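Below you'll find the structure, written out as structure tokens, and then a few comments.
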Amino acid sequence: MSVKQISVFLENKPGMLNQLTAELAKSGVNMRALSLAETKDFGIARIIADDTLGAMNALKEAGFVASLTPVLAFEIPNEAGGLNKLLGIITDANVNVEYMYSCLSPRGNSEAVMIFRVANTQASESALQARGLWSLTQEEI
Amino acid sequence: MERYYQPEIECAPREEIVRMQNEKLVKQIRRVWDVVPYYRKKMQEKGVTPDDIKSIDDIHKLPFLSKADLREAYPYGLLAKPLKDCVRIQSTSGTTGKRVVAFYTQHDIDLWEECCARAIVAAGGTNEDVCQVSYGYGLFTGGPGLNGGSHKVGCLTVPTSSGNTERQIMFIMDLQATILCCTPSYAAYLGETMKEMGYGPDDIPLKAGIFGAEAWSEEMRRDIEKTLGIKAYDIYGLTEISGPGVSFECSEQHGMHINEDHFYAEIIDPDTGEVLPEGQQGELVFTCLDKEAFPMIRYRTRDICVLTREKCSCGRTHVRMRKPQGRTDDMLIIRGVNVFPSQIETVLLNQGYAPNYQIVVDRVNNTDTLEVLVEMTPEMFTDNLGDIADRQAKLGAGLLSMLGIKAKVSLVAPKSITRSEGKAVRVIDRRKI
């Protein structure tokens with residue numbers, strides 16, 4: 001089960017991210033996870049929100065260009081080698097990781113959640129689940 | 001002591017010039033009527049025949065030719081000589097992506113190069129000089145024109161073309177170049193660079209510069225003259241008429257003498273087309289009196305300027321034009337290249353963008369910069385930085401091939417481009433000229 005990530009275009013100038021968070025705050029959207037990717041003159045904010053639809057509507061109305069991207073969310077043990085194990089499985093499946101970021105597990109168990117985009121979502125997901133890793137659904141996260 | 005390349009022509013008495021113009025115009029009009037159906041049709045539409053053209057005073061009876069005609073007749077519609085007699089083309093970027101292609105017979109090349117030679121001699125050039133031509137060579141007329149002129153004068157010609165500043169400076173110093181031909185912004189840039197390298201005006205062997213193909217101010221002239229230790233001369237021209245050397249400055253640096261034995265100039269009211277009396281400001285119109293392959297007749301340049309036939313102390317009798325005060329349309333001259341916003345729009349639309357763009361022209365270190373701001377749209381946006389960067393690069397490549405100069409493409413937030421009264425401001429020119 002993939003999770004819907006909101007990707008937002010941000011021009012690289014002061015105050016752009018602030019405008020984005022202001023819109024989300026105004027509509028009562030809580031961000032579960034956030035990652036920023038940038039080039040020299042623009043960036044992309046990647047967001048997992050508790051209310052994806054509400055967030056999308058608010059952003060579009062405010063004039064942002066945003067789209068939804070399917071990403072995977074897997075819980076990993078909060079200990080040395082936790083991420084390494086996950087990546088080992090993805091490597092064995094011969095899948096390329098495009099980007100990755102993390103947030104706290106919503107279960108309050110002090111475990112970490114890795115959110116990532118891969119070239120082949122389905123193959124990675126089955127491989128990870130087959131090895132007993134815990135994937136999170138949109139509702140869980 | 002003023003020197004001339006062709007004193008018998010450049011300093012001819014006014015009546016001799018007019019006699020020459022009468023004779024050439026009558027012949028030229030009869031010829032284009034006979035061999036160019038496009039001209040004949042235009043003349044017929046205006047109810048004029050070659051019999052109505054008895055002297056230069058009748059020129060106002062002839063129809064105008066505009067950039068739109070060039071587009072319509074592209075590429076061969078205005079050709080007045082068989083292709084087998086043509087030996088060269090030169091070209092400029094044109095509106096809506098269609099370039100202006102001008103044809104030359106050997107005669108046309110010779111007269112063009114002679115005009116450039118007159119400019120070089122007026123700037124003090126002799127066969128003892130080393131003339132470095134740092135205008136672009138190729139389709140652009142700057143390099144080939146001055147190169148030919150320099151040969152005619154007998155200068156040792158250094159055809160560096162544009163770019164590679166380090167090498168330019170090396171040649172200036174090692175070969176002791178005395179005359180530099182390039183755009184004024186590049187001259188200023190060379191000057192600044194040489195200053196940074198520790199060369200003062202007395203160390204630099206240059207004595208004169210012939211600068212044109214873009215707008216520049218008196219202030220910029222003084223700056224360049226000071227840093228390079230030279231006298232800087234303005235030169236004017238356009239591909240349609242031949243190239244640089246349509247007019248040039250003499251030692252007086254007070255208006256450019258038009259080579260009116262070849263190019264007859266008029267000033268018209270751009271709205272009514274009426275010919276304006278001497279001294280009044282209006283649109284500059286040229287007629288090629290004796291060019292063979294591509295003889296523009298009453299071609300509207302869209303340059304706004306003033307003519308004077310007042311006697312010049314340099315001894316030349318040819319009419320002078322003031323530096324053009326602007327354009328009647330929205331054309332930009334960036335690094336000596338004509339750029340129209342419509343060309344940029346064409347590239348955007350071709351690549352599937354909305355025409356939400358802004359052109360920012362600036363001058364950084366005395367070199368023109370062109371930036372095209374494009375608003376991000378939902379259609380363009382993907383979550384992948386690489387894909388967006390690829391699209392950006394593709395747009396940059398499209399602009400380069402359309403305009404012939406490099407443009408920086410910047411993606412900006414939607415609806416962020418300044419709009420005044422609902423209309424987008426298309427061009428921001430920050431250059432201080």
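Heavy atoms only: backbone and side chains are in, while hydrogens, waters and symmetry mates are out. First the proteins, then the strands, lettered A, B, ... as listed; each starts at 1. As the structure is a computational prediction, the values presented were derived from the model and not from experiment.
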Ignoring hydrogens and angles, write down the donor-acceptor pairs under 3.5 Å from the side chains of residues 76-95 of chain A, residues two or more places apart or on other chains.
from, atom 1, to, atom 2, distance (Å)
A:N78, ND2, A:S110, O, 2.9
A:T91, OG1, A:L87, O, 2.7

Check residues 61-74 of chain A and write down every donor-acceptor pair under 3.5 Å in which the side-chain atom is one partner and the other belongs to a residue at least two apart or another chain.
from, atom 1, to, atom 2, distance (Å)
A:T69, OG1, A:S7, OG, 3.1

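For B:Q90 and B:T239, the side-chain atoms include no donor-acceptor pair closer than 3.5 Å.
Listed in order of number, the residues of residues 33-40 of chain A that approach chain B to under 4.5 Å between heavy atoms are A:A37, A:E38, A:T39.
Residues satisfying the ring pair (Phe, Tyr, Trp, His ring centres under 6.0 Å) test with B:Y135, not counting sequence neighbours, are none.
B:D234 and B:K323 are joined by a salt bridge, as a carboxylate oxygen and a charged side-chain nitrogen come within less than 4.0 angstrom of each other.
A cation-pi contact, defined as under 6.0 Å to the ring centre and within 45° of the axis, links A:R46 to A:Y99.
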